[in-house]
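Source: prediction; values computed, not measured.
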Amino acid sequence: MPQRTLAEERGFVLPAALLAVVVLTIVTTAGFFAVQQESQIGASAERSTKAFYLAEQGIVDVLGSWNNAQYAAMPQWGTRQSTDTTAMGIWTVTVTKGNDQIYYLDATGTLTEGGLLYQGSSRRVGLAARMTLPDFDPRAAITTTVNVSVRGRAEVHGEDHVPPGWGGVCTGPLSDRAGVLMQDTSTMGNAGKSKVTGNPPVQEDAGIGSQTFNQFGDMDWAELVSLASKVYAGGSLNQFFPQLDVNGNCDFGDMQNWGDPENPAAPCGNYFPVIYMAGSANLQSGSRGQGILLVDGDLAVRGDFLFHGLVIVHGQYDSQGSGNRVYGAVMASNVDLDQQNAVGQSVVDFSSCAIERAILNASELNRARPLWERGWVDLSSLSGS
């Protein structure tokens, strides 16, 4: 048998070693490639998620700062675009008006952080939103069920009034209403030098009931009070006047600030808060305010109270003393207007302008809200993003 030499054995080992090195190189390279691919996929997913959240932020910011006066003025299918730059990137939201209730928001988020490698990633999101406004349309200066008492020098006027100093902001037509609208006119009482006027002065509607003071179109009482920005427990309250911050701007956060009904051009002239009293309340020592006042109980007004807008009281509205005046309308289960002081009187003047401005300028009410069902869609695949 022939013998194998050492040289022949060395010649076999070298190719095997080279093959092993090549295989290990291929495996290592494939491993690094797979890791790199996974890393890129993860980074891409992260960038896509950030762009998505950026688009979502744009929608939230636009809905949060919704100005119904601006969007309502748009023509049907008209558009309005908003954009903002953040530390993460840029969002752009285009609002399209379908009608006075339905709007469509098309939002795009584009990353700018992370250098050239990460810039430019974008996502696009669509959202359908709907205006959910309470349906306020009082048919009288005072709307109530039974037991209206107007005494002393108190006055109720259903003729449509423009509040003093509001000539420049009230441009709509005037429409006179009833002075008092109630469920049963047989419980209406007048005494002294009191006055009740309107078209007609007193009107009966047997359909007035608890729903009149609890359901306002698509919005009920609980939903309405949940939107209030000024909330009080009730009790004795006083000294509500326009409040300014250190820069001379209207201080919306001040709990004593209910807007400026006497000066529509002033910093607080367009501030109409939704105000909620969680229990019976007494307003003492003079106050000024405007907006929508909601009371879960009785409301007693005692002297020099001026309010422009809508007052809704679940219990009794009781106004006594000098200088109490509401421009707008009062809706209450029971009403007692009395005048103990001969130098002044308690007055309710119907004002469609005061009511309309209170509704349109109440930022708590005038915000579009996402549709709960099928309101959201990811548009990224459709736009090629």
Side-chain angles (χ1 to χ4, degrees), residues 134-136 138 141-145 147-149 209-216 219-243 250-261 268 271-321 323-338 346-348 351 354-355 357-359 361-366:
D135 183 10
F136 294 132
I142 291 178
T143 301
T144 186
T145 53
N147 299 326
V148 175
S149 179
S210 62
Q211 77 284 352
T212 307
F213 310 98
N214 287 282
Q215 192 67 44
F216 313 97
M219 189 175 293
D220 61 20
W221 176 264
E223 292 174 300
L224 185 58
V225 300
S226 72
L227 300 175
S229 60
K230 298 293 173 68
V231 178
Y232 309 85
S236 294
L237 304 166
N238 57 38
Q239 299 301 314
F240 293 99
F241 292 99
Q243 305 291 331
C250 188
D251 189 351
F252 304 133
D254 194 310
M255 292 300 290
Q256 300 300 115
N257 185 8
W258 289 3
D260 193 345
C268 292
Y271 178 46
F272 290 79
V274 177
I275 307 157
Y276 174 54
M277 307 286 182
S280 295
N282 297 313
L283 295 178
Q284 308 276 0
S285 303
S287 288
R288 299 290 183 267
Q290 58 188 9
I292 299 173
L293 176 57
L294 311 170
V295 183
D296 233 337
D298 299 331
L299 177 63
V301 179
R302 296 292 183 266
D304 195 28
F305 173 69
L306 176 66
F307 192 83
H308 289 28
L310 184 61
V311 180
I312 305 177
V313 182
H314 267 181
Q316 176 169 295
Y317 176 73
D318 182 7
S319 177
Q320 298 182 22
N324 298 321
R325 194 160 201 149
V326 173
Y327 283 98
V330 173
M331 301 175 65
S333 294
N334 296 292
V335 175
D336 185 3
L337 301 180
D338 198 358
S346 297
V347 181
V348 178
S351 175
I355 297 169
R357 291 196 72 214
I359 296 172
N361 290 286
S363 60
E364 303 94 330
L365 301 181
N366 296 309

> So which heavy atom on Phe213 is nearest to which on Thr144, and how close?
Replying inline: CZ-CA, 3.9 Å
> Short question: side chain of Gln256, backbone of Gln243 - any donor-acceptor pair under 3.5 Å?
Replying inline: no
> Can you tell me if Asp298 uses its side chain to pair, donor with acceptor, with the backbone of Gln316 under 3.5 Å?
Replying inline: yes
> With a 4.5 Å heavy-atom cut-off, do Ile292 and Leu365 have their side chains touching?
Replying inline: yes
> Can you name the nearest heavy-atom pair linking Gln290 to Pro273, along with the distance?
Replying inline: O-CD, 3.2 Å
> If you take all heavy atoms of Pro261 and Leu306, which pair is closest and at what distance?
Replying inline: CG-CD2, 4.3 Å
> Under 3.5 Å, side chain of Ser280 to main-chain N/O of Gly297, donor-acceptor pair present?
Replying inline: no
> Should Asp304 and Arg288 count as side-chain neighbours, where that means a heavy-atom distance under 4.5 Å?
Replying inline: yes
> Which salt bridge (Lys or Arg N to Asp or Glu O under 4.0 Å) pairs, counting each pair once, include a residue from residues 250-259, with sequence neighbours left out?
Replying inline: none
> Could you walk me through whether Asp296 and Tyr276 pass the side chain to side chain donor-acceptor pair (under 3.5 Å) check?
Replying inline: CA-CA 8 Å; Asp296 233 337; Tyr276 174 54; 2.7 Å; yes
> How far apart are the closest heavy atoms of Asp220 and Gln215, and which atoms are they?
Replying inline: CB-OE1, 3.4 Å
>> Any non-hydrogen side-chain atom of Tyr317 less than 4.5 Å from a side-chain atom of Val301?
In response: yes
>> Tell me whether Tyr271 contacts the main-chain N or O of Pro242 through its side chain, where contact means a donor paired with an acceptor under 3.5 Å.
In response: no
> Ala358 and Gly309: which non-hydrogen atoms are nearest, and at how many Å?
Replying inline: CB-CA, 4.1 Å
> Counting distance only, does the side-chain N/O of Asn324 pair as donor-acceptor with the main-chain N or O of Phe305 below 3.5 Å?
Replying inline: yes
> Could you give the distance from CE (Met331) to CG (Leu293), rounded to the nearest 0.5 Å?
Replying inline: 13.0 Å
> With sequence neighbours excluded, what pairs up with Phe136 under the ring pair (Phe, Tyr, Trp, His ring centres under 6.0 Å) test?
Replying inline: Phe216
>> Measuring only between side-chain heavy atoms, which start at C-beta, is Asn282 closer than 4.5 Å to Arg302?
In response: no
> Do you know which of Val231, Leu299, Leu283 makes side chain to side chain contact (heavy atoms under 4.5 Å, CB included) with Met277?
Replying inline: Leu283
>> Can a donor-acceptor pair be found, under 3.5 Å and without considering hydrogens, that links the side chain of Ser287 to the backbone of Asn238?
In response: no
> If we ignore angles and hydrogens, is there a donor and acceptor under 3.5 Å between the side chains of Ser236 and Gln284?
Replying inline: no
> Closest heavy-atom contact between Gly234 and Ala281?
Replying inline: CA-CB, 4.2 Å
>> Nearest 0.5 Å, please: how far is CG in Leu310 from OG in Ser351?
In response: 11.5 Å
> In terms of the angle between their ring planes, are Trp258 and Phe240 parallel, tilted or perpendicular, with boundaries placed at 30° and 60°?
Replying inline: parallel
> Taking atom CZ of Phe272 and atom CD1 of Ile359, what is their separation to the nearest 0.5 Å?
Replying inline: 11.0 Å
> Is a side-chain donor or acceptor of Lys230 paired with a backbone partner of Asn257 at a separation under 3.5 angstrom?
Replying inline: yes
